[in-house]
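Chain letters run A, B, ... following the sequence lines, proteins first, then strands; residues in each count from 1.
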Amino acid sequence: MGVDISELVYREQVSLKGYENRVMAVDAFNILYQFLSSVRQADGTPLMDSRGRVTSHLSGCFYRNINLLENGIRPVYVFDGKPSRLKANTIRERMEVKEKAREELEIAREKGDLERIRSLSARVTHLTRDMVEDVKQLLTALGIPYIQAPSEGEGQASYMCRTGQAYGVISQDYDCLLFGASRVFRNFTTGGRRKVPGRNIYVPVSPELLILEETLSRNGISYDQLIDIGIMVGTDFNTGLARVGAKTALKLVKKYGNIEAVLKERGEVIENLEEIKDIFRKQNVIETPPITFGKPDAEQIKRILCDDHDFDPARVDPYITLAREKMSRNTQTSLDGF
DNA sequence: CTCGGTAA
DNA sequence: TTACCGAGG
């Protein structure tokens with residue numbers, strides 16, 4: 001998924017504390033896919049309401065936002081728009097992988113292999129229009145703004161970070177660095193551990209902050225060279241060079257200066273090279289999207305979660321109260337600042 | 001994923 | 001307090 005340059009990226013372990021009143025651009029599709037694949041029962045079934053509609057995304061979105069708000073963070077969700085034509089291959093490959101997983105899931109169900117059923121169920125998840133709509137409504141009810149990106153959500157979120165409209169981007173993907181995001185937060189959650197798939201063991205997971213400038217300076221490369229490295233390794237918009245990982249790509253770029261020189265030296269070609277670079281450098285974005293925070297609307301939240309999707313009010317209510325208090329306090333302090 | 005009761 | 005684990009919808 002995305003570009004794998006993790007070996008080259010400078011990162012720091014952080015916590016959710018210490019980012020009060022910071023605007024964070026959330027890569028919405030990225031986080032929603034996480035919820036869809038992870039918020040499940042032991043047998044792989046997602047959470048559903050009484051009408052059989054999936055609610056995993058709503059559950060994840062609600063609790064995650066409560067946590068962010070509780071820590072004084074101001075999230076802005078950024079949704080994907082129309083993908084670049086160069087992403088067609090990646091999209092088709094993902095569909096094929098899902099189709100294969102669907103077939104394997106049938107077999108696993110027949111065998112009753114629970115662990116396998118669970119991991120395959122996570123892989124076949126698909127984000128529907130309705131789910132996206134559900135989340136947008138919930139965000140509005142929570143007073144959290146969202147932006148519809150013209151094209152790549154990561155590109156829009158990264159642009160907002162690069163231009164200081166957001167402090168950082170919340171995403172699992174390293175692509176954001178190629179899009180120029182100065183700070184990327186991964187695993188930005190409260191949960192301290194994650195289950196290893198297929199094994200009954202857990203590994204500690206804590207939020208980490210990826211820093212673009214440090215990544216560039218410590219590797220002795222420019223931003224353009226980082227993009228070159230990403231393209232050599234492979235992105236959503238191109239297949240990388242055979243047997244070239246992040247470390248090799250770094251060596252090659254440092255030796256020859258840029259990707260064009262590397263390709264010439266090796267007698268290789270990458271189709272649409274300039275267009276791919278432009279996707280990262282000259283993003284198709286809304287330059288100054290409106291960002292307005294509101295107060296959580298208890299009635300709307302309860303209508304969406306409890307009335308429409310069977311959430312237990314006893315579980316929802318206390319968090320609405322918490323969010324409302326927190327949001328009004330934040331509004332107060334930001335007003336005091338002026 | 002996240003919550004919350006229970007065990008250590 | 002912290003770790004674990006079943007349930008949430």
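- We find that CD1 of A:Ile301 is positioned 16 Å from P of C:dG9, with the value rounded to whole Å.
- Straight-line distance from the NE2 atom of A:His57 to the C1' atom of C:dG9: 11 Å, rounded to whole Å.
- Aromatic ring pairs are classed by plane angle as parallel below 30°, tilted from 30° to 60° and perpendicular above 60°; the pair A:Phe188 and A:Phe185 is tilted.
- The CG atom of A:Asn65 sits 16 Å away from the C1' atom of B:dC3 (whole-angstrom rounding).
- Look at CD on A:Gln172: it is 9 Å from P on B:dC1, rounded to the nearest Å.
- Residue A:Thr189 places at least one side-chain N or O closer than 4.0 Å to OP1 or OP2 of B:dT2.
- Regarding A:Leu322, its CG atom lies at a distance of 15 Å from the P atom of B:dT2, rounded to whole Å.
- Exactly one residue among A:Phe280, A:Tyr223, A:Tyr174 makes a ring pair (Phe, Tyr, Trp, His ring centres under 6.0 Å) with A:Phe179. That residue is A:Phe280.
- Ring-plane geometry between A:Tyr167 and A:Tyr19 is classed as tilted, the angle between the planes lying from 30 to 60 degrees on a 0 to 90 degree scale.
- A heavy atom closer than 4.0 Å to some atom of DNA chain C occurs in A:His309, A:Asp310, A:Phe311, A:Asp312, A:Arg315, these being the qualifying members of residues 308-317 of chain A.
- Under the ring pair (Phe, Tyr, Trp, His ring centres under 6.0 Å) test applied with A:Tyr146, the options A:Phe79, A:Phe29, A:Phe293 reduce to a single match, A:Phe79.
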Exercise. For A:Glu70 and A:Lys326, what are the C-alpha separation, side-chain angles and deciding distance, and is it a salt bridge (charged side-chain N to carboxylate O under 4.0 Å, His left out)?
Worked result: CA-CA 6 Å; A:Glu70 208 178 339; A:Lys326 193 73 205 179; over 6 Å; no
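- Across all strands, A:Tyr319 comes closer than 4.0 Å only to sugar-phosphate atoms, never to a base (heavy-atom distances).
- One can place CD of A:Gln41 at 16 Å from P of B:dC1, the figure rounded to the nearest angstrom.
- Nearest to the side-chain atoms of A:Leu47 among the listed nucleotides B:dC3, B:dC1, C:dG9 stands C:dG9.
- In this structure, A:Arg64 reaches the sugar-phosphate backbone alone: every heavy-atom distance under 4.0 Å involves primed, P, OP1 or OP2 atoms, never a base.
- Between A:Glu265 and A:Lys255 there is no salt bridge, since no side-chain nitrogen of the basic residue lies less than 4.0 Å from a carboxylate oxygen of the acidic one.
- Distance A:Leu16 CG to B:dT2 C1': 13 Å, rounded to the nearest Å.
- Note on A:Val23 and A:Val184: separate hydrophobic clusters, where clusters join Ile, Leu, Val, Met, Phe, Trp and Tyr whose side-chain heavy atoms are under 4.5 Å apart, directly or indirectly.
- Nucleotide C:dG6 holds its P atom 19 Å from the CZ atom of A:Arg40, rounded to whole Å.
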